[in-house]
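Counting convention: from 1, in listed order, for ligands and their atoms alike.
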Amino acid sequence: MIRFGVRLIAALGLSVGIALGIALAPGAFADAARPTVVIDPGHGGADVGARGASGALEKDLTLAVAKKVAALLKEQGIAVVLTRKTDVFVALGERTEIANRARAEMFVSIHANSAPEKTVSGIETYFLSLEASDDEAMRVAMTENEVFKQAGTADEAGDVVGAILGDLIRTEHLRESSALAAAIQRRLAHLSAESRGVKQAPFVVLTGVNMPAALVEIGFITNASESKRMRQRDRQAEIAKALAAAIGEAMVQNREARLATDAPNDAPDAKEKP
Ligand SMILES: [Zn+2]
């Protein structure tokens with residue numbers, strides 16, 4: 001559980017104390033300290049993403065959930081930028097650029113999972129690493145990176161590792177990305193019989209993002225019952241609510257950690273300063 005001091009709340013410019021229940025209080029962030037979060041609905045347009053047995057398309061599920069997350073975050077006083085609001089194609093690099101231009105505090109990419117084995121189900125959350133946690137995590141990353149390979153020129157095609165290596169020097173957000181992924185997985189784990197945990201893998205869309213970033217796989221579209229559930233509005237709302245709460249939670253947690261880290265470099269009484 002995260003502790004909240006009066007100092008912290010004042011320092012963050014929060015207009016009211018935040019109770020980490022299901023969601024932050026409406027308007028929890030004062031205008032002056034209004035953070036921006038980028039929500040990235042995976043795929044879109046000709047890039048349909050994974051396909052469910054019942055005809056469900058990943059690009060539709062991710063957009064539906066992303067819009068709901070955006071609405072909930074806005075209620076909490078958080079500014080939201082969506083990398084797409086409609087069924088259009090947006091290249092992976094463009095998504096990263098949108099996030100960096102927005103100078104966002106966090107980037108969350110929403111996806112639905114797929115597996116050759118139709119019985120596999122559950123939720124998992126990723127943050128960036130060149131080395132995948134395991135073969136399965138690598139397979140998921142390679143599936144999500146597929147559109148990058150298709151969009152590349154002949155020279156670039158397939159050079160996913162090269163693209164990631166070029167940006168992987170940025171490791172300063174690793175700890176906060178890990179905290180973000182952990183908060184997302186913890187909140188969403190309650191919604192599924194199977195929590196597949198927090199993993200790391202080389203996702204192109206997470207590279208080059210100048211902020212803490214995570215990618216969540218909200219369920220397996222290749223699992224008939226999970227796919228059917230994800231198409232239901234109440235399920236999408238449940239997932240969105242958990243995601244919005246996790247984002248708010250991680251934001252406060254990361255800000256608190258940053259203040260604690262910065263304090264020793266300031267004056268001895270820096271902890272008392274706003
Ligand atoms: Zn995807």
Side-chain angles (χ1 to χ4, degrees), residues 38-70 82-96 98-99 107-118 120-129 132-133 135-152 158 160 163-164 177 180-181 184-185 188 192 194 196-209 213-223 226-231 235-236 239-240 243:
V38 172
I39 303 295
D40 175 45
H43 312 278
D47 170 23
V48 300
R51 288 170 194 268
S54 60
L57 298 178
E58 182 184 358
K59 66 171 184 175
D60 297 329
L61 301 179
T62 60
L63 184 60
V65 171
K67 281 181 169 177
K68 288 180 165 64
V69 174
L82 285 162
T83 55
R84 67 178 177 100
K85 292 177 180 168
T86 56
D87 182 19
V88 291
F89 176 81
V90 182
L92 295 182
E94 206 175 319
R95 294 167 193 261
T96 305
I98 290 169
F107 176 87
V108 176
S109 190
I110 301 174
H111 290 260
N113 226 331
S114 60
E117 179 55 65
K118 307 290 182 242
V120 178
S121 68
I123 290 164
E124 58 194 21
T125 311
Y126 286 88
F127 64 104
L128 183 67
S129 168
S133 309
D135 289 350
E136 177 61 16
M138 191 53 144
R139 192 193 59 74
V140 173
M142 288 304 112
T143 303
E144 300 294 8
N145 289 341
E146 197 60 38
V147 63
F148 175 80
K149 288 195 268 181
Q150 289 164 3
V160 169
I164 289 168
S177 296
L180 172 62
I184 289 173
Q185 187 61 28
L188 266 71
S192 174
E194 173 134 22
R196 297 170 58 86
V198 173
K199 301 178 180 183
Q200 286 183 273
F203 288 92
V204 169
V205 75
L206 297 182
T207 64
V209 181
L215 183 148
V216 59
E217 298 278 359
I218 59 172
F220 280 78
I221 203 166
T222 43
N223 178 290
E226 204 160 62
S227 178
K228 190 180 167 193
R229 276 293 279 142
M230 283 193 290
R231 293 177 89 173
R235 178 63 171 179
Q236 293 169 358
I239 292 169
L243 267 175

Practice task
Measure from the side-chain N and O atoms of Q185 to the backbone N and O of V198, and report whether any donor-acceptor pair falls under 3.5 Å.
Solution key: no
Practice task
Could you tell me which N, O or S atom of E144 is nearest to the Zn ion (ligand 1)?
Solution key: OE1
Practice task
May I have the step-by-step check of side chain to side chain contact (heavy atoms under 4.5 Å, CB included) for T96 and T207, ending in yes or no?
Solution key: CA-CA 8 Å; T96 305; T207 64; 5.6 Å; no
Practice task
Using a strict cut-off of less than 4.0 Å between a Lys/Arg side-chain nitrogen and an Asp/Glu carboxylate oxygen, indicate whether R139 and E136 qualify as a salt bridge.
Solution key: yes
Practice task
List the atom of I221, the atom of M230, and the distance in Å for their closest heavy-atom pair.
Solution key: N-CE, 3.7 Å
Exercise for the section: Report the name of the N/O/S atom of H111 located nearest to the Zn ion (ligand 1). Expected result: ND1
Practice task
Kindly confirm whether the Zn ion (ligand 1) is within less than 2.8 Å of some N/O/S atom in E58?
Solution key: yes
Problem - Among the N, O or S atoms of H43, the one nearest the Zn ion (ligand 1) - result: NE2
